[in-house]
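What follows is one structure encoded as structure tokens, with my remarks underneath.
When reading the values below, keep in mind they use all heavy atoms of this one structure, side chains included, and skip hydrogens, waters and symmetry mates. Counting begins at 1 with the first residue of the sequence.
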Amino acid sequence: MLATANLFTRDRKRLAGWATVVLAAGAIAQTSYLALRWVAAGRAPFSDMFESLVLFAWAVVVIYLALQVRHKVPILGAATALVAVLVLAYASTFESKIQPLMPALRSNWLTFHVFTCFLGYGGVALAFVSSLAYFLAVRGNTPARQELANALELITEKTISFGFLFITVGIISGAVWANSAWGTYWSWDPKETWSLITWFIYAVFLHCRFMRGWRGKRAAWISVLGFLSVVFTYIGVNFLLSGLHSYAAK
């Protein structure tokens, strides 16, 4: 609420500070919750939809707070808060009781693989909201709107670069884990296939951005398409396609 109110007030600096404090407090609360759940479960709390959604919301807020150190964009704070609230609301529709791990998940790779993937997802989620904000910013021709559009474009570039790195690490670690669990690095499981599609979309973004100089709406649309692919990889595959990763929907 503070982040949203900050968009419509004259004293934006003070209210933006309070919004950041509240988001930081929420991140600390989520970190404490994840730590306590880790202790109670005796494992990393990343094994089902409820736990992964909590981790996703945490990653989005933490990455935003890190970004906030150098890039203070009020509309991004409001969007981040909204994304976190919606993700946690969706998480509340799943069973929150701690469940024993399935045999396929009893590996030391679980923590590393899932954590890196969701750091990547958190980064590209911020790129998604900054791209949507960019579309709004460029609708005006004022110097202030242009300055905002340039800031949002830079944020999109940085968060996709960050997210792409961790998605790449997540895919590699997942392949190593798959080899130890199933005897093959790659089996074209639906989750693996869509992860690769997502990776290629963001690779195209970075190639077009840095090698071909793409800017503006073309780059923003690739960012939006990439995040839609992330959502399908993360949630859609679990409910629409069956495969080795189907347990994640539980």
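The ring-ring contact (aromatic ring centres under 6.0 Å, His included) analysis of residues 20-40, with sequence neighbours excluded, yields the pairs W38-F46.
Contact annotation: the side chain of L132 never approaches that of L136 to less than 4.5 Å [non-hydrogen atoms, C-beta and beyond]. Side-chain atoms of W186 and I171, non-hydrogen and from C-beta on, do get closer than 4.5 Å to each other. Contact of the S180 side chain with the Y185 side chain is not registered, since no non-hydrogen atoms from C-beta on lie closer than 4.5 Å.
R37 is linked by a salt bridge (charged side-chain N to carboxylate O under 4.0 Å, His left out) to E51, counting only residues two or more places apart in sequence or in another chain.
Here the closest non-hydrogen pair linking A79 and V129 is CB-CB, 3.8 Å.
In summary, the side chains of S223 and T156 do not present any donor paired with an acceptor at a separation below 3.5 Å, with no hydrogens or angles considered.
Within a 6.0 Å sphere centred on CZ of F135, heavy atoms belonging to other residues, nucleotides or ligands number more than 12.
For F94 and F50, the ring centers are positioned 6.0 Å apart or more. Ring centers of Y234 and W194: at least 6.0 Å apart, outside the cut-off. Between Y121 and F118, the ring centre distance stays below 6.0 Å.
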Contacts table for residues 57-64: side-chain donor-acceptor under 3.5 angstrom, sequence neighbours left out:
from, atom 1, to, atom 2, distance (Å)
W58, NE1, T31, OG1, 2.7
Y64, OH, Q68, OE1, 2.9

Give the C-alpha distance, both sets of side-chain angles, the deciding distance and a yes or no for salt bridge (charged side-chain N to carboxylate O under 4.0 Å, His left out) between E153 and R209. CA-CA 11 Å; E153 195 169 38; R209 176 73 171 176; 3.5 Å; yes

